[in-house]
Amino acid sequence: MVDRRMSVKITPVGDKIKVSTKVSGSDFGVIEGALGGAVHKELTSNFYVYLFRELGITDPKLRSVIIEDAH
């Protein structure tokens with residue numbers, strides 16, 4: 001089993017909220033480049049799926065997420 005951690009930063013931007021995430025784990029020193037980016041996107045996507053479900057957000061307009069590589 002591999003431990004992975006996600007930190008979440010919430011910043012108000014006008015009338016919206018920006019949510020920034022950072023994923024780290026014991027295997028990220030080995031997994032880099034495109035594969036590392038794919039792992040980050042998968043973990044971040046899963047985070048938002050759970051978040052929207054727990055908050056009861058079902059409107060597709062409110063579920064819009066853009067995942068960018070912060071490098």
Side-chain angles (χ1 to χ4, degrees):
M1 178 176 229
V2 176
D3 285 338
R4 295 199 175 103
R5 292 165 300 284
M6 175 180 279
S7 60
V8 179
K9 179 179 178 183
I10 300 172
T11 310
V13 179
D15 62 345
K16 298 184 180 190
I17 296 174
K18 177 181 178 182
V19 180
S20 303
T21 59
K22 181 178 180 183
V23 178
S24 59
S26 59
D27 65 338
F28 283 176
V30 176
I31 300 176
E32 296 178 352
L35 182 56
V39 170
H40 175 256
K41 286 184 179 183
E42 179 183 355
L43 293 173
T44 304
S45 293
N46 289 340
F47 164 76
Y48 283 107
V49 167
Y50 292 121
L51 178 66
F52 293 145
R53 183 184 70 204
E54 293 301 313
L55 293 175
I57 298 172
T58 58
D59 184 342
K61 292 178 185 176
L62 298 176
R63 294 177 67 111
S64 175
V65 174
I66 299 170
I67 301 172
E68 297 176 343
D69 189 357
H71 296 298

Can Leu55 be reached from Leu62 by stepping across I, L, V, M, F, W or Y side chains whose heavy atoms are under 4.5 Å apart?
yes
Can you name the one residue among Val8, Thr44, Leu51, Thr11 that meets side-chain contact (heavy atoms from CB on, under 4.5 Å) with Val19?
Val8
Connected via hydrophobic side-chain network under 4.5 Å: Val49 and Ile10:
no
Quick check: closest heavy atoms across Val13 and Lys18, and the distance to 0.1 Å?
CG2-CB, 3.8 Å
